[in-house]
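Taking it in order: structure first as structure tokens, then the write-up.
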Amino acid sequence: MSAEWRCIRRNQDECRRYLDQFKVFDHPLKQSTITVLESKGTRMKSSNSNFSESNSGSSSTISLDPLSLALDGSDPLSQFARQDSAQDPLSQMAAEFEGGLSVSSGASKSKKKEITNLLEMDLIEPWAGRRGAILNKYTTNEKLSIVTSFLNGGETIKSQTTMSEKVKHRLEQLDEFEEGTVRQMLDLSQQEYVIKIEQLNHELVQAWNTDQRVKALKIAIQCSKLLADTSVIQFYPSKFVLITDILDIFGKLVYERLLIKSGESAKPGHRGPVGLPENFTPDMVPESAKETCQNWFYKIASIRELLPRLYVEMAILKSYRFLTANEFSSILMRLTHMIRGVGDPLVNIYARCYLCRVGMAITTNRDYIKENLNDVLTIYHTILNGGIRAEIAKHRITLNGYISLFLPALDWLMQGVTILSTDAELDDVLKRCRDKKHPALLMQSIMQSFRPDFIALRAVPFVEILSTVSVEGSSRGHLLRILGGILSQTAPPTEQRALVLNAAWRTISGMGNTEEYIQCAEMWSQYTSQHFGLREVNALMGDILYHMTPNRAYERHYHELQVIVDKIVSNAQDIHGVLSLDNFLPMLDLFQKEAVKLDVCKSILMSYRAGSAESYISDPVVTNALMYISKVLNDSVNALTSEDERRQISNLISHFIRKVDFGRDFEQQLSFYVEARSAFSNLDPVYSTLIHCVNRLATSTRRIVKGQHTNKTAAFVKACAAYCFITIPSIIDVNTRMELYLQSGQVALLNVCLQQADSCFEAALNLIPEIPRTYEQDGKPQSTEPFLKSFLMNFLSTLVIVPDNPTQGVLYLLRLLLEVIKKYPFEPNSETLSSIYLHVLDFLSVAAQEVYPYHIVNVISNDELYGSDPKFLAEIHAISCEVCDEVLQILKQLLESNAIRQQSQLSLDLFLKIITGADLTVDRMFTLTYNLWNLAAKNRNTLDAKQLQKILSYTEHLAEVSQSDSQKQCLQLLLEKMKSRI
């Protein structure tokens, strides 16, 4: 049945439907929070300091963001990394030893734990935090060897002792090994050496668990002996870390065994450490446990060689708790004096490091730490004596490399000295170190270990010391670099900042070594950009240009130069001022390598985006600088550039474009957009941004003139429309082009540029046949039909107020839409085409009204243009009939394909359109309407049960409010027939 559609006139108020409006005070998408107040009084002011849960006036905020709550709010990668590190038995058990042991599972824990050792004060970085850095830094490619009797392989070493049989039998249990059992494994790589050490650790734990205490002790002794070997000297710090991990585990096993022994003695037959409280004293320890403890120390005292005797005693030093409570200071001091017998200065200082590590975990006394540092300073001159220099030459390492081996141990001693020390005490240490013959190593350790505020307050003396002292075995540039890093984080007093910079830069600028110079400049550039103005930053860049330009030295230091530029831009308080400096662009010209220059420019734009949230650009110099940087990024884009890279570059350039604002000088603003269009031809998203900006410019022009354009402003907005119309075809993506044509047409219509608006709308419609059927999203093909439907709904809403072009005929754009929509390749049985036709019927129903629901000022829409002319209405009725016939044709195809649910839904949808906008007094339309209802009611099982009832209620409402008596009668008759069907 063909339709005979005639639109009805509706009440004007019916055409205007508004959403309820109300004022809001928070963004609707703002993250929700719940504030819990525990006090009965007023809420306390927020504070950055930590607060106790017992504080009755505290308040807490609970975030409802599920992403923040995931994994307790922590970074999942960091959390997994912590889990991985926890699986390493050496680091895990060593950390447990260093952090203290749980003394008794049955002992009650006090609410506030009493501080019993220095490590509990959290004034020094734990050794576990340094362990990984040492292992990564001190590596070797040379072959290593290991001497042991507990691993298979290697060559047998015969014992050469000539002692009496009785003494030999006693000592071979501790120090020497049985004949024919000692083996030396040679030519081990670093990785193989680490594996062997881990095997020794496994053997020690296994021997202990099988009650082979002597074997476990022998393994600890053999491991300690390895620390006397400096044949591969550059690996010694890493070897120290690996061996002392095993010694830590051995000490932990002995300590726990004594706890168990104490528990068994206290409660016979009961296993487990239950007999002693957490803070036990020696008088609580049973005699049997004390005897066992003394036996351990007697065995260790029987070790003939000094180094293993020292290390093994230090490993179980905590076990002295079972024998004495107030002799730790004297014991630590005794061991400190014993270490004086170790001749090699490297072995000596690491033994002192281990003693201080162990001592800090058991006592708060610091005298032994100071004594160890005093001993180090006493023998410091031997580090660079003739014999050591010959040894260094034999190992084929540089003097600087040898000196760096002392740093981990020396840093630990220095940090131990700083705990609870007064500034006067630290000044005394500084003076003693400065007065040494070659103090570079000591000064480096001081700067890495002392409190940053202490160094910052004495920044001027530090610069003077580093500028004048002998730096043999180190580098003055490296020392100044460390100082610059400290002062960048902790600034010196304001009155000293300029003095510090001038004094340091005189030394830095005079360095003949380009590499040393640029490394210092890299660190001090952050200090300069943080605490000084544009003049100093410009002078800094000028000096860098002076040093880097000769002989193209910059080509060897791209990384340092890149870091310098990044620090200057990211730390600048006035980023626009930095970009306008005379030396800024010449600094960028140093980056001749394309990949490096690309990274630098990207970093600058990222820093600019982060630091220009509220500021806009109006300075032509800054604009030109950013234009140059952005053009570098644009020119780097080619066919091989990834989509993510394109997106990132486009976002950075688009942000720059949006920040350019010349105020009321709209012509200069448009000229900038024209220049940008020619500069950024490789990036479609940037073109989209430019079009949005030009449309916003045209809208701003209309707002300023309050909709009443003069000849000048009218010509300007037409130029804006022409800019958009010319630029859009350069964009590759069809969907983007269609959206931009529609938006540009809407802006042109808003500015009464009717011809330009028609051109944009027509161009958008002509692109519909070019829309691909699918596009790829997240690696999966997605249909473009939802986009097309959404686009046409927006287009039809705009088309309501677009006046017809007199040269094109009535509703020319709608006829073009109906023509091109048939060229789009819809999916079989797709609901999109029928939905589009139904929205066209909505448009035609509005177009037939005497007054349209909305208008644009100074734009005469078709309601005023035609004045409800019968010929115009006849055209609307004819098009309505055509569209309705198309919908009926789709419905027929659904019937033939047996798509029951779709045909029922389409029947209801068309039924609603007819009773809302068509004249039911026409017999054919009334019959069609009733048939559509019958078809839907026939298959109502496929529909929502409530939907039919709602449609009945809506039809009844239309019958009540209809102003036409004949229409009302038809609706009432239809309503009766509808009710009879269900």
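All values derive from a computational prediction rather than experimental measurement. Below, all heavy atoms of this structure are taken into account, side chains as well, without hydrogens, waters or symmetry copies.
Applying the ring pair (Phe, Tyr, Trp, His ring centres under 6.0 Å) test to pairs two or more places apart or on separate chains, those with a residue in residues 817-846 are Y824-F826. Residue pairs meeting the ring pair (Phe, Tyr, Trp, His ring centres under 6.0 Å) criterion with at least one member in residues 693-718, sequence neighbours excluded, do not occur.
For Y723 and Y673, the distance between ring centers is not under 6.0 angstrom.
Between F872 and Y866, the angle of the ring planes stays under 30°, which puts this pair in the parallel group of the 30/60° scheme.
A side-chain donor-acceptor contact under 3.5 Å links T713 and T710. For H692 and Q743, the side-chain atoms include at least one donor-acceptor pair closer than 3.5 Å. Side-chain contact annotation: T807 with N805, donor-acceptor N/O pair under 3.5 Å present. Side chains of Q562 and D599: no donor on one and acceptor on the other come within 3.5 Å. No side-chain N or O of S607 forms a donor-acceptor pair with one of S570 less than 3.5 Å apart.
Contact between C760 and S744 at its shortest, heavy atoms only, is SG-CB, 4.1 Å. Contact record, P772 with T784: O-OG1, 2.6 Å, taken as the closest heavy-atom pair.
At distances below 3.5 Å, at least one donor-acceptor pair connects side-chain atoms of R646 with backbone N or O atoms of N638. With hydrogens and angles ignored, the 3.5 Å screen pairs no side-chain donor or acceptor of T736 with any backbone N or O of I732. R737 contributes no side-chain N or O that, together with a main-chain N or O of A764, makes up a donor-acceptor pair within less than 3.5 Å. For the pair N571 (side chain) and Q530 (backbone), a donor-acceptor distance under 3.5 Å is absent. The main-chain N or O of G577 is found under 3.5 Å from a side-chain atom of S580 such that the two form a donor-acceptor pair. Distance alone, capped at 3.5 Å, is enough to place a donor-acceptor pair between the N766 side chain and the E762 backbone. Judged by distance alone, with hydrogens and angles left aside, the side-chain atoms of Y558 form a donor-acceptor pair with the main-chain N or O of Q592 at under 3.5 Å. With hydrogens and angles ignored, the 3.5 Å screen pairs no side-chain donor or acceptor of N538 with any backbone N or O of L534. Remark: side-chain polar atoms of N862 are paired, donor with acceptor, to backbone N or O of D804 under 3.5 angstrom. Under the 3.5 Å distance criterion, the side-chain polar atoms of Y852 are left unmatched by any main-chain donor or acceptor of S861.
Other residues, nucleotides and ligands place no more than 12 heavy atoms under 6.0 Å from the CD1 atom of I860. In the displayed structure, E594 atom CD is contacted under 6.0 Å by at most 12 heavy atoms of other residues, nucleotides or ligands. Taking a 6.0 Å sphere around CD of E864, one finds it holds more than 12 heavy atoms contributed by other residues, nucleotides or ligands. Other residues, nucleotides and ligands contribute at most 12 non-hydrogen atoms within 6.0 Å of the CD atom of E667. Within 6.0 Å of atom CD in E850, 12 or fewer heavy atoms from other residues, nucleotides or ligands are found, so the atom counts as exposed in its surroundings.
Two residues are said to be in side-chain contact when any heavy atoms from C-beta on lie closer than 4.5 Å; E831 and Q905 fail this criterion. V632 places none of its side-chain heavy atoms less than 4.5 Å from the side chain of S636.
Taking a cutoff of 4.0 Å between a charged side-chain nitrogen and a carboxylate oxygen, E875 and R815 qualify as a salt bridge.
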(request) Check the pair E645 / K602 against salt bridge (Lys or Arg N to Asp or Glu O under 4.0 Å), numbers first and verdict last. (result) CA-CA 11 Å; E645 183 75 5; K602 188 186 299 183; 2.5 Å; yes
(message) Under the criterion side-chain contact (heavy atoms from CB on, under 4.5 Å), I'd like the reasoning laid out for L561 against V596: C-alpha separation, chi angles, the key distance, then a yes or no.
(response) CA-CA 10 Å; L561 291 170; V596 178; over 6 Å; no
(request) Starting from the C-alpha separation in whole Å, work towards a yes-or-no answer on side-chain contact (heavy atoms from CB on, under 4.5 Å) for L796 and D842. (result) CA-CA 9 Å; L796 290 170; D842 283 336; over 6 Å; no
(request) Evaluate the criterion side chain to side chain donor-acceptor pair (under 3.5 Å) for residue pair E827 and S783; output intermediate values, then yes/no. (result) CA-CA 9 Å; E827 297 287 342; S783 174; 5.2 Å; no
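Of the candidates I575, V569, V578, L652, V569 is the only one forming a side chain to side chain contact (heavy atoms under 4.5 Å, CB included) with I604.
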